[in-house]
Chemist: 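Can you read through this structure? Questions will come right after.
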Number of protein chains: 2
Amino acid sequence: MPTLTLDVAAFAIRDDDLAVLMRRAGARWELPWARHDGGALDQAAARLAREAAGRVGWLSLAGAFDETDPHPANASLSLAFAALVPHDAADAVPDDHAWRTLGDRDRLQARQQRIADAALALVRDRVDRAPVAFRLLPAAFTLAELQRAHELLLGQRVHKASFRRSLDAAALVEPTGEWRTEGRGRPAQLYRLAKRKRRAAPRSVRFDY
Amino acid sequence: MPTLTLDVAAFAIRDDDLAVLMRRAGARWELPWARHDGGALDQAAARLAREAAGRVGWLSLAGAFDETDPHPANASLSLAFAALVPHDAADAVPDDHAWRTLGDRDRLQARQQRIADAALALVRDRVDRAPVAFRLLPAAFTLAELQRAHELLLGQRVHKASFRRSLDAAALVEPTGEWRTEGRGRPAQLYRLAKRKRRAAPRSVRFDY
DNA sequence: TCAATAGTGTCTGTTAGACATTATGGA
DNA sequence: TCCATAATGTCTAACAGACACTATTGA
């Protein structure tokens, strides 16, 4: 009989960079995981993510990995979940948990490395299909923060004027009416994610590979 | 202890439309499934798909579904796989298997309906990220066939000139040198999928939602 | 010759990206 | 005043889609 774990790779923006949540396991670090013995999968994954990362903005299955690679629980199968945490909620993690840089994921055991990789790839792949970048931010954010979240997920710089034009064309955000002063420079207006109005008819077939 | 199945939703082009592979189970129809008791997941899924659908061009995990919905095996968990079958290989399926129209998937039990839906959504979502449309075709194909495969997956018409321009810009296909006469009309040149040369730097951030 | 399909050239409106400029705060 | 950041306007090259046209076969 197979033993099954749920493993979650949670990401948040820390110190202007992407970070992944790990927990201490003796002398090592691991991704949060829990045994699964049946029942509602989504709820079990949500519970695991919430206990480890606090408020979770987004959660999705990212893959399944077998005993080809070693795992902290030696489970015969592990379901990988990707989670995104708003950075204002990322401070309150349990004592034995910590946000670590992406480079640190090579400290994980092989299966959890692959889980973290798959989770990151899933999130990156979905940036332009679903509002995942928003899930790294609080409900109200500046356009500079939103752009930076996209840049961190995409791994490349984004053109400011084009970014804002696209946001405007898609009617994706709406101003809250509030402004935020951050050090020096002109204050930035705060925005929130707007409700979907109409989905734009997609342009032509693209070959992004 | 949870019982686990692998379920595969295999798609192919039949009669100029997308079809999904089902097998007879008594008086009902079901998606091909098999119990899984550990071992290499990808290999087990590939074996299941191959036994049901013959040559399989593409296979990918599409989701995981729990006992919230009924399943032919009453498994507590089912891993959904999406498979694509080239239409020239789709004739040789076992006697108790048949290619059925997409509309027939509401004859499946609820969990397998969701599996088929998730598999179809996955394939559609990946059309512009990976050469999945090619996996519905033989190694050599006409551009009209390739365009039709994209149209079936995307569920909408595609502009011929733009489609070919994009193919050309991406250097995605190369002519085999052979031509095919099909009834009346000018013969069509045959193409094959070209090896990736350079991945074009993706354009700006797009919000396709 | 006609019908049918393959394949291409041209035009136009839209958009991405470069660049510059204005706006508004703190030091 | 100077500097840093926000926000926007203008220009251009690239591209998507419409349309028409040529090319090549079978009936």
Side-chain angles (χ1 to χ4, degrees), chain A residues 16 127-128 133 137-138 140-151 154-192 194 198-209, chain B residues 13 16 127-128 137-138 140-151 154-192 194 198-209:
Chain A
D16 197 45
V127 171
D128 59 351
L137 300 175
F141 47 82
T142 69
L143 295 188
E145 289 175 325
L146 182 61
Q147 180 178 339
R148 185 63 186 148
H150 279 86
E151 288 175 340
L154 294 170
Q156 66 176 23
R157 287 313 191 84
V158 166
H159 189 268
K160 182 165 79 166
S162 286
F163 180 73
R164 290 173 185 223
R165 262 189 311 232
S166 297
L167 277 178
D168 192 56
L172 259 190
V173 297
E174 57 193 15
T176 66
E178 290 183 274
W179 300 75
R180 176 190 299 164
T181 295
E182 201 132 18
R184 49 201 170 280
R186 177 174 167 179
Q189 184 156 15
L190 292 182
Y191 289 81
R192 71 172 72 90
R198 30 126 209 196
R199 58 172 57 217
R203 299 274 285 182
S204 78
V205 188
R206 289 179 299 240
F207 303 106
D208 285 354
Y209 49 90
Chain B
I13 298 179
D16 197 46
V127 170
D128 59 350
L137 300 175
F141 48 82
T142 70
L143 296 188
E145 289 175 326
L146 182 60
Q147 180 178 337
R148 185 65 186 146
H150 279 86
E151 288 176 339
L154 294 170
Q156 66 176 25
R157 287 312 190 84
V158 166
H159 189 268
K160 182 167 77 165
S162 286
F163 180 74
R164 290 172 185 224
R165 263 190 311 233
S166 298
L167 277 178
D168 192 56
L172 259 190
V173 297
E174 56 192 16
T176 67
E178 291 183 274
W179 300 74
R180 176 190 300 163
T181 294
E182 202 134 17
R184 283 206 293 206
R186 177 175 168 177
Q189 183 155 16
L190 293 181
Y191 289 81
R192 71 171 74 89
R198 30 125 210 195
R199 57 171 57 220
R203 299 274 287 183
S204 79
V205 188
R206 289 180 298 240
F207 303 107
D208 284 354
Y209 49 90

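Values below: all heavy atoms of this structure, side chains included; hydrogens, waters and symmetry mates excluded. Convention: sequence-line order gives letters A, B, ...; per-chain numbering from 1.
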Chemist: Want to settle it: does B/Glu182 or B/Ser204 sit nearer the 5' end of DNA chain C, counting the closest nucleotide to each?
Modeler: B/Glu182
Chemist: Could you go step by step and tell me if A/Thr142 and A/Gln189 meet the side-chain contact (heavy atoms from CB on, under 4.5 Å) rule?
Modeler: CA-CA 6 Å; A/Thr142 69; A/Gln189 184 156 15; over 6 Å; no
Chemist: By nearest heavy atom, map A/Ser162 and A/Gly183 onto DNA chain C; which one lands nearer the 5' end?
Modeler: A/Ser162
Chemist: Might you point out which heavy atoms bring B/Arg148 and B/Asp16 nearest each other, and give the distance in Å?
Modeler: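 So the two residues come closest at NE-OD1, 3.0 Å.
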Chemist: Report the distance from atom CG of A/Asp168 to atom CZ of A/Phe163, rounding to the nearest 0.5 Å.
Modeler: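 Interatomic distance, A/Asp168 CG to A/Phe163 CZ, rounded to 0.5 Å: 12.0 Å.
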Chemist: Give the first and the last nucleotide of DNA chain D, reading 5' to 3', that has any atom under 4.0 Å from a heavy atom of chain B.
Modeler: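 Under 4.0 Å from chain B, the extent on DNA chain D is D/dA16 to D/dA27.
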Chemist: Check this for me, if you would: do A/Arg206 and A/Asp128 make a salt bridge, where the nitrogen-to-carboxylate-oxygen distance has to be below 4.0 angstrom?
Modeler: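 Answer for the salt bridge query: no.
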Chemist: Measuring from B/Arg184:CZ to B/Glu182:CD, what's the distance to the nearest 0.5 Å?
Modeler: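 Nearest 0.5 Å value for the CZ-CD distance: 14.0 Å.
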Chemist: Rounded to the nearest 0.5 Å, what's the gap from CG on A/Leu143 to CG on A/Leu190? Could you check?
Modeler: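 If I round to the nearest 0.5 Å, the distance is 9.5 Å.
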Chemist: Apply side-chain contact (heavy atoms from CB on, under 4.5 Å) to the pair A/His150 and B/Phe207, showing each step before the final yes or no.
Modeler: CA-CA 11 Å; A/His150 279 86; B/Phe207 303 107; 3.5 Å; yes
Chemist: Chain A on DNA chain C: first and last contacting nucleotide, 5' to 3', under 4.0 Å to a heavy atom?
Modeler: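 Contact span on the strand: C/dA16 to C/dG26.
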Chemist: For the atom pair CD (A/Gln147) and NZ (A/Lys160), what is the distance rounded to the nearest 0.5 Å?
Modeler: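 Reported value, rounded in 0.5 Å steps: 7.5 Å.
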Chemist: Of A/Val205 and A/Leu143, whose closest DNA chain D nucleotide lies nearer the 5' terminus?
Modeler: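 Closer to the 5' end of DNA chain D: A/Leu143.
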